[in-house]
2 protein chains.
Amino acid sequence: MELESREAEPGTVRPGGRTARVRAAVLQAAGDVLAERGFAHLDLADVARRAGVGKTTVYRRWGTVTALVADLLVDMAEQSLPRSRTGSLIGDLKANARLVQRTLTDPRQGPLFKAVIAAATCDPRTAEALRRFYDTRISEWAPCVQEAVERGELPEGTDPREVIRAVSAPLYYRLLASGDPLDEAAADRAAEAAAAAAHAGVYAR
Amino acid sequence: MELESREAEPGTVRPGGRTARVRAAVLQAAGDVLAERGFAHLDLADVARRAGVGKTTVYRRWGTVTALVADLLVDMAEQSLPRSRTGSLIGDLKANARLVQRTLTDPRQGPLFKAVIAAATCDPRTAEALRRFYDTRISEWAPCVQEAVERGELPEGTDPREVIRAVSAPLYYRLLASGDPLDEAAADRAAEAAAAAAHAGVYAR
DNA sequence: TCATTAATGGAACTGGAGTCCCGTGAAGCG
DNA sequence: CGCTTCACGGGACTCCAGTTCCATTAATGA
């Protein structure tokens with residue numbers, strides 16, 4: 001019978017060669033526009049022009065601005081750095097905080113993250129992509145907390161992921177809401193605050 | 001000479017009567033759309049229709065979606081509640097955290113805040129309006145930290161505003177990035193974490 | 001290497017967001 | 001109360017984001 005046969009998404013049957021080049025060029029161009037002009041000025045026709053790709057192709061493959069941003073996020077998740085290991089909890093947390101701080105103040109990546117968050121608040125699928133992005137990042141760093149528990153630095157039962165989230169949260173809050181300077185001092189304070197709360201057992205049980 | 005005489009913004013010379021009614025109706029309608037359909041579906045023609053107001057008027061008075069959201073924020077800032085006083089630092093911080101948590105999970109206000117933040121990441125003037133909004137909210141609650149310092153509960157030199165921000169930050173992080181449940185337990189943990197960090201002197205100096 | 005057909009790209013088309021113009025209604029003031 | 005003119009509202013218009021159609025190109029598998 002084969003009625004209702006679902007058509008495959010374009011780009012899934014022959015993903016090599018030209019299709020891959022188009023995807024790379026479009027994501028690159030989209031990132032450029034977001035960094036230079038922000039989420040509000042991201043329009044698909046413009047991205048197509050910059051990428052040297054047919055407008056039709058961009059609309060067919062991605063369709064909406066938010067879907068394009070979601071795909072950009074998948075790309076970003078693949079190139080996340082391995083965590084550094086300093087040997088102490090506070091050292092590791094500060095390294096993490098500095099990494100986040102540097103990312104958010106980077107002239108290219110900072111605006112890009114703002115745009116990604118704006119897109120995620122507008123569209124559930126993009127929000128899901130963002131959630132997964134942070135999930136992998138947090139999984140990368142959580143072990144440093146677990147090791148601190150095993151060394152006896154932190155109370156038994158401390159939730160490692162919650163501690164890592166506590167490091168990032170104030171930095172994102174500064175980026176999005178408060179507008180206060182996002183400097184190294186802020187990063188260190190975020191790490192120290194998370195460590196202090198973890199020591200006090202706030203994230204245990 | 002009087003060349004270059006700056007024209008007054010429409011609505012500033014005769015702000016009473018009809019003009020005020022139009023503003024109220026438009027802001028109400030804009031809030032409704034944001035809560036029901038989100039920032040992505042906010043279009044000025046639709047707002048005008050819902051408000052029972054001429055499309056031309058909305059474009060003349062506000063002009064862009066982000067400007068309308070910024071004005072909505074001014075409206076929201078005016079109706080902020082007075083802080084509650086429990087007598088202890090942790091009690092006050094928990095009251096604040098619960099207030100933020102209830103606001104962000106409220107079926108009307110939650111989506112509205114998401115939209116406001118999305119708008120702020122798209123437009124500097126809206127970002128400035130958001131900054132001022134949080135500034136007033138933080139000023140309302142900061143005294144409870146100052147009082148704790150005076151009672152000797154917290155180290156001398158603790159920055160009160162930084163403590164209040166530390167309470168909100170994890171809750172906003174959950175709303176925007178992680179997507180984890182934003183319940184009362186999360187609120188209490190945010191308050192406890194901020195208190196622990198403050199006790200440890202992270203926000204002193 | 002060749003056949004198949006997925007995927008791209010150009011060009012014409014469409015719908016609706018945003019603008020402009022001008023007549024009408026009602027604030028504010030004496 | 002009436003005058004002045006600010007602000008609103010309707011409707012026509014413009015322009016471009018997003019769609020549709022089809023010819024061309026090239027990825028894949030034999």
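In the text below, chain A, chain B and the rest are named by the order of the sequence lines, each starting its count at 1.
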Is any NZ, NE, NH1 or NH2 atom of the basic residue among [X] and [Y] found under 4.0 Å from an Asp or Glu carboxylate oxygen of the other?
| X | Y | result |
| --- | --- | --- |
| B:Glu147 | B:Arg83 | yes |
| B:Asp46 | B:Arg37 | no |
| A:Arg132 | A:Asp135 | no |
| A:Glu36 | A:Arg50 | yes |

> Starting at the 5' end of DNA chain C, which residue's closest nucleotide do you reach first, B:Ala45 or B:Val13?
Replying inline: B:Ala45
>> If you assign B:Arg49 and B:Arg14 each to the DNA chain C nucleotide with the nearest heavy atom, which residue ends up on the more 5' nucleotide?
In response: B:Arg49
>> Quick one about A:Tyr173 and B:Tyr134 (side-chain donor to acceptor, distance below 3.5 Å, no hydrogens or angles considered), yes or no?
In response: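 B:Tyr134 vs A:Tyr173: no donor-acceptor pair found between side chains.
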> Can you tell me if CZ on A:Arg125 sees more than 12 non-hydrogen neighbours from other groups inside 6.0 Å?
Replying inline: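 Check fails, neighbour count at 12 or below.
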Listed once per pair and sorted, the salt bridge (charged side-chain N to carboxylate O under 4.0 Å, His left out) pairs that draw on [range], sequence neighbours left out:
| range | result |
| --- | --- |
| residues 167-177 of chain B | A:Glu162-B:Arg174 |
| residues 55-75 of chain B | B:Arg23-B:Asp71, B:Arg23-B:Asp75 |
| residues 101-119 of chain B | B:Asp32-B:Arg108 |

>> Going by the rule side-chain contact (heavy atoms from CB on, under 4.5 Å), which residues pair with A:Thr64 if we only count those two or more places apart in sequence or in a different chain?
In response: A:Thr66, A:Ala67
>> Tell me every residue that passes side-chain contact (heavy atoms from CB on, under 4.5 Å) with A:Ser139, counting only those two or more places apart in sequence or in another chain.
In response: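 Here the qualifying residues are A:Arg161.
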> Does B:Phe39 have any ring-ring contact (aromatic ring centres under 6.0 Å, His included) partners at least two apart in sequence or in another chain, and if so, which?
Replying inline: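 Result, ring-ring contact (aromatic ring centres under 6.0 Å, His included) vs B:Phe39: none returned.
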> Going by number, which of residues 17-25 of chain B have a non-hydrogen atom under 4.0 Å from DNA chain C?
Replying inline: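 Of all residues in residues 17-25 of chain B, the ones placing a heavy atom under 4.0 Å from DNA chain C are B:Gly17, B:Arg18, B:Arg21.
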> Which pair of non-hydrogen atoms, one from A:Tyr203 and one from B:Ala193, has the smallest distance, and what is that distance?
Replying inline: OH-CB, 3.4 Å
>> Within residues 27-40 of chain A, which residues have any heavy atom lying less than 4.0 Å from an atom of DNA chain D?
In response: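 Output list: empty, so none.
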> For residues 53-74 of chain A, which residues have at least one heavy atom under 4.0 Å from DNA chain D?
Replying inline: A:Lys55, A:Thr56, A:Tyr59
> Any side-chain heavy atom of B:Val167 sitting closer than 4.5 Å to one from B:Val100?
Replying inline: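 B:Val167 does not reach B:Val100 side chain to side chain.
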>> Angle between the two end axes of the helix from C:dT1-D:dA30 to C:dG30-D:dC1, five base pairs per end, rounded to 10 degrees?
In response: 60°
> How would you give the extent of chain B contacts on DNA chain D, as first and last nucleotide 5' to 3' within a 4.0 Å heavy-atom cut-off?
Replying inline: D:dT4 to D:dG11
> salt bridge (charged side-chain N to carboxylate O under 4.0 Å, His left out) with A:Asp188: which residues, sequence neighbours excluded?
Replying inline: A:Arg98
